[in-house]
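Contents: one structure, followed by commentary.
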Amino acid sequence: MIKYNLKCECGKTFESWFLNSNEFDSLNKKKLIKCIHCDSSVIKKSVMAPNLPRKSNKKSVKTKEEKNIKKKLLNFRKYIEKNCRNVGENFTREARSIHYDKKSSQGIYGKATPEETSELLDEGIDVATIPWVDEAEN
Ligand SMILES: [Zn+2]
């Protein structure tokens, strides 16, 4: 078994175990490895994690403030899901078409890479990246 630090296109990292490096390559080729943060399958192998026992004082204790932020983000997510159209992977195209054709004033949301997002911003298209929190994640 081998542990890899994986890096997603959203910029977040997470860890996962694989039988060997070949297993990682073949799973990743089939897009079977998904980001635990945003569900994207554009995953890169990061530096291998040193397999040290976790120090007990490093246990993540969520502060009240963190929980409040999470709650706000959850509410924000619910608001967006209710009021905006999910265009998924077509986000960049749809955002451009709304901006240039002015065909719809309805908000949209979907997936874009950080590169795509900065391109849109360069073109004067108003996009925002928000953390997409999951209720289950804790
Ligand atoms: Zn991600």
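Side chains are part of it too, since the values below use all heavy atoms of this structure and drop only hydrogens, waters and symmetry mates. For ligands, and for the atoms within them, numbers begin at 1 and follow the listed sequence.
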Restricting to pairs with a member in residues 16-34, which pass salt bridge (Lys or Arg N to Asp or Glu O under 4.0 Å), not counting sequence neighbours? none
Ignoring water, what protein N, O or S atoms are under 2.8 Å from the Zn ion (ligand 1)? Cys8 SG, Cys10 SG, Cys35 SG, Cys38 SG
I'd like to know if Glu66 pairs up with Lys70 as an ion pair, taking the criterion as any Lys NZ or Arg NE/NH1/NH2 lying under 4.0 Å from an Asp or Glu carboxylate oxygen.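 Between Lys70 and Glu66 there is no salt bridge, as every charged N stays at least 4.0 Å from the carboxylate O atoms.
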Just jot down the ring-ring contact (aromatic ring centres under 6.0 Å, His included) partners of Phe24, sequence neighbours excluded, or say none.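 Once residues adjacent in sequence are excluded, the partners of Phe24 under the ring-ring contact (aromatic ring centres under 6.0 Å, His included) criterion are Tyr4, Phe18.
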Contact summary for Asn28 and Ser41, nearest pair of heavy atoms: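 Scanning both residues, the minimum pair turns out to be OD1-O, 4.1 Å.
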Side chains of Met1 and Leu19, heavy atoms from C-beta outward: is any pair under 4.5 Å? yes
Who are the salt bridge (charged side-chain N to carboxylate O under 4.0 Å, His left out) partners of Glu119, not counting sequence neighbours? Arg96
